[in-house]
Amino acid sequence: MKLRYRIAGALLLSPFVHQFLMFIADLNQRGLDALRDLMQAGKLTPVVDRSYSLAEVAAAVRYLELGHARGKVVISVP
């Protein structure tokens, strides 16, 4: 999908979806390479708020819906 359609869709959904920015990312090899290089250099680190097991997915979704997350919520798959 073209980036402009993704942005338009995200703006239409924004009143209903709290964290819509992830929908407008335009992935390409050059951008992914740049992210990899930053991560390998230690200049970019993800902020993980909480981790849940696969059995705790419902609790993780509730946590996100309440707006408490201040970073990424991770689901660990065994």
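A quick note: this is a predicted structure, and the numbers were derived from the prediction, not measured. By convention here, the first residue in the shown sequence is residue 1.
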Treating Glu56 as the side-chain partner and Ser53 as the backbone partner, does any N or O pair qualify as donor plus acceptor under 3.5 Å?
yes
Under 3.5 Å donor-acceptor, Asp49 side chain and Ala69 backbone:
no
Between Asp33 and Arg36, does at least one N-O distance fall below 4.0 Å, as a salt bridge requires?
yes
Check whether Leu54 and Val61 end up in the same hydrophobic cluster, where Ile, Leu, Val, Met, Phe, Trp and Tyr are linked by side-chain heavy atoms less than 4.5 Å apart.
yes
For side-chain contact (heavy atoms from CB on, under 4.5 Å), just list the numbers for Tyr52 and Val73, CA-CA rounded to whole Å, side-chain angles, deciding distance to a tenth of an Å, and then say yes or no.
CA-CA 8 Å; Tyr52 291 88; Val73 174; 3.6 Å; yes
Hydrophobic clusters here meaning ILVMFWY residues chained together by side-chain heavy-atom distances under 4.5 Å, can you tell me if Tyr63 and Ile75 are in one?
yes
Leu35 versus Leu44, closest heavy-atom pair with distance
CD2-CD2, 3.6 Å
